[in-house]
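This report concerns only the one structure given below.
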Amino acid sequence: GLDMAGQTRDVLEQLDALLRRHGSDRNRVLSTHVFVTDLSLRPAMNEVWTSFFAPEHMPARATIGVADLGPGVLLEMTAVAAKA
């Protein structure tokens with residue numbers, strides 16, 4: 001399976017595609033909840049996160065530690081975005 005950076009990249013790319021399908025984009029993400037199974041891996045997630053979102057369009061984020069997301073799954077995310 002992918003490490004935290006790889007899974008973060010995958011989740012954000014899926015978000016990007018979903019936003020495009022619904023007439024929005026990553027610059028319109030207002031807030032997120034990120035559920036992670038190992039909070040010590042946040043630095044790897046943050047590195048990908050800050051390269052994905054422009055500094056002037058950084059959404060609010062709550063990072064929540066959870067016991068389990070399924071085999072090999074390190075993070076899941078919800079996001080609220082505005083329409084274009």
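Only a predicted model underlies this, so the values are computations on that prediction, with no experimental measurement involved.
- Residues Met45 and Val73 fall into different hydrophobic clusters, defined by Ile, Leu, Val, Met, Phe, Trp and Tyr side chains chained together at heavy-atom separations under 4.5 Å.
- Between the CD atom in Gln7 and the CG atom in Leu69 there is a gap of 9.0 Å [rounded to 0.5 Å].
- If you take CZ on Arg28 and NZ on Lys83, they are separated by 11.0 Å, rounding to the nearest 0.5 Å.
- By the 6.0 Å and 45° rule, Arg26 stacks over the aromatic ring of Phe52.
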Worked check of side chain to side chain contact (heavy atoms under 4.5 Å, CB included) between Val34 and Arg61: CA-CA 7 Å; Val34 183; Arg61 183 180 84 186; 3.9 Å; yes
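- Considering every non-hydrogen atom in both Ser31 and Pro59, the closest pair reads N-CB, 4.1 Å.
- The number of heavy atoms from other shown groups lying within 6.0 Å of NE2 (His57) is above 12.
- Listed by chain and residue number, nothing satisfies the side chain to side chain donor-acceptor pair (under 3.5 Å) test with Asp10 (two or more places apart in sequence, or in another chain).
- Side-chain contact check for Ile64 versus His33: some heavy-atom pair is nearer than 4.5 Å.
- Note that CG of Leu75 is 10.5 Å distant from CG of Leu2, once rounded to the nearest 0.5 Å.
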Go through it in stages, so that I can follow the logic: the residues are Val66 and Thr37, the test is side chain to side chain contact (heavy atoms under 4.5 Å, CB included), and I'd like the CA-CA distance, side-chain angles, deciding distance and then a yes or no. CA-CA 5 Å; Val66 297; Thr37 58; 4.3 Å; yes
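- Using a 4.5 Å heavy-atom cutoff, the side chains of Val48 and Leu12 are in contact.
- Within the model, atoms CE of Met58 and CZ of Phe53 stand 7.5 Å from one another, a figure rounded to the nearest 0.5 Å.
- For the atom pair Trp49 CH2 and Glu47 CD, the distance stands at 14.5 Å (nearest 0.5 Å).
- Side chain of Thr32 to main chain of Ala60: a donor-acceptor pair is present (N/O by atom type, distance under 3.5 Å, no hydrogens or angles).
- With rounding to the nearest 0.5 angstrom, the CG atom of Asn46 is 8.5 Å from the OG1 atom of Thr8.
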Under the criterion side chain to side chain contact (heavy atoms under 4.5 Å, CB included), I'd like the reasoning laid out for Phe35 against Thr78: C-alpha separation, chi angles, the key distance, then a yes or no. CA-CA 9 Å; Phe35 303 91; Thr78 64; 4.3 Å; yes
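- Nearest approach of Leu41 to Met4, heavy atoms of both residues: O-CG, 3.6 Å.
- For the pair Ala79 and Val29, the tightest heavy-atom approach, listed with the atom from each and the gap, is CB-CG1, 4.3 Å.
- Looking only at atom types and distance, the side chain of Arg42 has no donor-acceptor partner in the side chain of Ser40 under 3.5 Å away.
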